[in-house]
Amino acid sequence: MANTTDPQSRLLKTRNGWVQGYNCQTAVSDDEFLVSARATQDTNDLDQFVPTADDVLATAGKLPGAPAAVTSPSA
């Protein structure tokens, strides 16, 4: 199905059926400030952790609960 008003959106399966939209990820700091917001066309979250963690590191300098020496989600 093509969406003529938003051709970049995708048909995504949810627990309640289907929705035309995006897969969105957010991350907040320990004090609840938004440090990352991402929207993708991916149908699931499997490939979203590392890019979101990279955004958090770029913004906050470390992952929540991690020592300052952690510089990569794969470290």
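Quick caveat: nothing in here was measured; it's all calculated off a predicted structure.
No side-chain donor from either of Gln48 and Asn23 sits under 3.5 Å from a side-chain acceptor of the other. A donor-acceptor contact closer than 3.5 angstrom is absent between the side chains of Thr52 and Gln25. Judged purely by distance below 3.5 Å, without hydrogens or angles, the side chains of Asn16 and Thr14 never pair a donor atom with an acceptor atom.
For Lys62 against Val56, the heavy-atom pair with the smallest separation is O-CG1, 3.6 Å. Across all their heavy atoms, Leu34 and Ala27 have their closest contact at CD1-O, 3.5 Å.
A heavy-atom distance below 4.5 Å is found between the side chains of Gln8 and Tyr22. The side-chain heavy atoms of Arg38 and Pro51, taken from C-beta on, include a pair separated by under 4.5 Å.
Here Leu63 contributes atom CG and Ser29 contributes atom OG; the two are 12.5 Å apart, rounded to the nearest 0.5 Å. Rounding to the nearest 0.5 Å gives a distance of 12.5 Å between CD of Gln41 and CG of Leu11. Note that CZ of Phe49 is 9.0 Å distant from CG of Asp54, once rounded to the nearest 0.5 Å.
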Practice item. Determine, step by step, whether Val35 and Val28 satisfy the side-chain contact (heavy atoms from CB on, under 4.5 Å) criterion, reporting the C-alpha distance in whole Å, the side-chain angles of both residues, the deciding distance to 0.1 Å, and the verdict. Key: CA-CA 5 Å; Val35 293; Val28 296; 5.7 Å; no
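With hydrogens and angles disregarded, no donor-acceptor distance shorter than 3.5 Å links the side chain of Asp42 to the backbone of Asn44.
Under the salt bridge (charged side-chain N to carboxylate O under 4.0 Å, His left out) criterion, no residue pair touches residues 4-21, with sequence neighbours excluded.
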